[in-house]
Amino acid sequence: MGIIRIERKVLEKNDAIAADNKKQFKEKKLLVLNLLSSPGSGKTTLIEKTITSCKLSKQIAVIEGDVQTDLDAERIEKLNIPVVQIVTNGACHLDAQLVRDAFQNLVGMNFSLLFIENVGNLVCPAGYNLGEDHKVTIISVTEGEDKPLKYPAVFRNSTALVINKIDLLPYLNVSLEKIKSNASKINPRLEIFEVSCVTGEGIEKWCNWLISLMR
Ligand code: MG
Ligand code: ZN
């Protein structure tokens, strides 16, 4: 029982800081999206594609979360986008305090859409609010059909699901319809996007959704 109580305390403290982050984000009129996925589903690639394709590039900033390395921040920096790397040194999720500290490095910069790329992990990031407006889950078709059933919390807590790498479908024994129906079973309100960051398929619809949220 001790463990349960401690965990609840950690989450309560996190929620208080997240609420404070949210207030800061609101004051600056930012749209903030917390991107969640397994490692390798294409979070960074989706951010890159959004920057290069969505006609929003002057309005985007990014906070990158990784267990090690600033490789992803380097990729974003190449596109001339304000970016801060959080290296968690082993921790498997971002928390609100880490985001609050990272955000101070972006103060004074001009942007209205902030992507927070969480650590690649479909488990505990679901429980840690960062002050974001929406969580967006990304899965790639190579991960199979059962991810929503195995990791329901991230899907339940997300506003949108991006199904990535659909260009690989011809080579896989995977049903896109099955992925979607499993996801909708867990969360019927999920906004679902089917995209390929390689061919650009589906990206325009994703861009339009982002733009609609920014109005
Ligand atoms: Mg990444
Ligand atoms: Zn964790």
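Atoms within a ligand are numbered from 1 in the order they appear, just like the ligands themselves. All values below were derived from every heavy atom in this structure, side-chain atoms included, with hydrogens, water molecules and symmetry-related copies excluded.
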### Lys/Arg-Asp/Glu bridge criterion (N-O < 4.0 Å) met for Glu12, Lys9
no

Got a sec: is [X] within less than 2.8 Å of the Mg ion (ligand 1) via an N/O/S atom?
{"X": "Thr45", "value": "no"}
{"X": "Glu117", "value": "yes"}
{"X": "Glu64", "value": "no"}

### Query
Does the SG-to-SG distance between Cys92 and Cys124 fall under 2.5 Å?
no

### Worked verdict on Lys22 versus Asp15 for salt bridge (charged side-chain N to carboxylate O under 4.0 Å, His left out)
CA-CA 10 Å; Lys22 196 173 190 106; Asp15 279 345; over 6 Å; no

#### Entry: Parallel, tilted or perpendicular, as decided by the 30° and 60° cut-offs, for the rings of Phe193 and Trp209
tilted

### Query
Hey, does Ile81 have a side-chain heavy atom less than 4.5 Å from the side chain of Phe115?
no

### Task
Have a look at Asp72 and say which of its N, O or S atoms is nearest the Mg ion (ligand 1).
OD2

### Query
Vertex the Zn ion (ligand 2): angle to SG of Cys124 and SG of Cys92, to 10°?
110°

### Message
Among the N, O or S atoms of His93, which one sits nearest to the Zn ion (ligand 2)?
### Response
ND1

